[in-house]
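Being a predicted model, the structure only gives us computed values, none of them experimental.
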Amino acid sequence: MDGCIRYASIVAIESTSKVDDEQWLAYWILYSFLTLVEMLFEPVLTWIPIWYDIKLGLVAWLVLPQFRGAAFIYERFVREKLRKYGGNLVKVGHSPNKGKNKFVEAIIPKKGEHEAY
């Protein structure tokens, strides 16, 4: 299943539609968050016998185009928080080169910083 998801992500990047890009970007953000939560709470989750069934259902809901769960979660919860705490990061028509806020400046390396790696 993971290979199919990667393939679908590549197809979305190569397509001209923005809708599928948003779905897959939202999916990967949420899947990464789910993985982080799972790593942090692993000792507790091992005691829940149906945890992997729940995770499978959740990931299927996030990824299947019939449900568009990842886009739903992003639109309903994540975007709202970004607008509240990320300033003008998600405003329509915002140019990434003009008026960068502190959040953007913190996550984008300055020229020459990446050369040390």
Side-chain angles (χ1 to χ4, degrees):
M1 183 171 162
D2 193 36
C4 294
I5 294 171
R6 288 187 194 133
Y7 177 76
S9 299
I10 292 168
V11 169
I13 290 170
E14 296 299 323
S15 75
T16 57
S17 172
K18 185 180 175 186
V19 174
D20 57 357
D21 294 350
E22 290 175 356
Q23 164 67 20
W24 287 107
L25 283 171
Y27 167 77
W28 286 112
I29 290 167
L30 293 170
Y31 185 78
S32 299
F33 180 73
L34 176 64
T35 302
L36 176 65
V37 168
E38 188 177 27
M39 287 171 41
L40 291 173
F41 294 105
E42 185 177 11
V44 174
L45 294 174
T46 57
W47 289 96
I48 301 173
I50 60 168
W51 165 245
Y52 291 106
D53 297 327
I54 293 170
K55 181 181 175 184
L56 177 64
L58 178 61
V59 170
W61 180 74
L62 288 173
V63 77
L64 290 173
Q66 297 91 331
F67 302 114
R68 293 186 38 81
F72 173 79
I73 295 290
Y74 182 81
E75 291 289 328
R76 188 83 184 248
F77 303 104
V78 177
R79 179 174 281 172
E80 182 179 308
K81 297 298 181 197
L82 282 176
R83 284 187 175 155
K84 185 175 181 180
Y85 300 111
N88 58 1
L89 181 62
V90 293
K91 287 185 180 174
V92 177
H94 173 69
S95 171
N97 297 327
K98 294 181 184 176
K100 291 180 182 175
N101 61 24
K102 292 179 183 177
F103 177 74
V104 174
E105 290 173 357
I107 63 171
I108 297 177
K110 293 174 180 64
K111 249 186 182 176
E113 285 185 7
H114 67 283
E115 293 172 3
Y117 299 112

Exercise. Within a reach of under 6.0 Å around CD of Gln66, are more than 12 heavy atoms found that belong to other residues, nucleotides or ligands?
Worked result: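 Check passes, neighbour count above 12.
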I'd like to know if [Y] and [X] are part of one continuous hydrophobic network [Ile/Leu/Val/Met/Phe/Trp/Tyr, side-chain heavy atoms within less than 4.5 Å].
{"X": "Ile73", "Y": "Val59", "answer": "yes"}
{"X": "Leu25", "Y": "Tyr74", "answer": "no"}
{"X": "Ile29", "Y": "Phe77", "answer": "no"}
{"X": "Leu36", "Y": "Leu34", "answer": "yes"}
{"X": "Tyr52", "Y": "Ile48", "answer": "yes"}

Exercise. Do you know which two heavy atoms are closest between Ala70 and Ala26, and how far apart they sit?
Worked result: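 So the minimum-distance heavy-atom pair works out to O-CB, 3.5 Å.
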Exercise. In Å, rounded to the nearest 0.5 Å, how long is the span from CD of Glu22 to CZ of Arg68?
Worked result: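 Spacing of CD (Glu22) from CZ (Arg68) equals 7.5 Å.
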Exercise. Looking at CG of Leu30 and OG1 of Thr35, how far apart are the two atoms once the value is rounded to the nearest 0.5 Å?
Worked result: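 Separation between the atoms: 10.5 Å.
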Exercise. Between Phe72 and Phe67, is any pair of side-chain heavy atoms under 4.5 Å apart?
Worked result: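 A side-chain contact under 4.5 Å is absent here.
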Problem set entry | Side chain Gln23, main chain Leu62, donor-acceptor under 3.5 Å |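 Side chain of Gln23 to backbone of Leu62, a donor-acceptor pair under 3.5 Å: yes, one is there.
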For this session: Could you list the residues that satisfy side chain to side chain donor-acceptor pair (under 3.5 Å) with Trp51, not counting sequence neighbours?
Result: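 Testing Trp51 for side chain to side chain donor-acceptor pair (under 3.5 Å), a comparison that skips the adjacent residues, returns Glu38.
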Exercise. Parallel, tilted or perpendicular: which describes the rings of Trp28 and Tyr31, with under 30° parallel and over 60° perpendicular?
Worked result: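 Judged by the thresholds at 30° and 60°, the geometry between Trp28 and Tyr31 is perpendicular.
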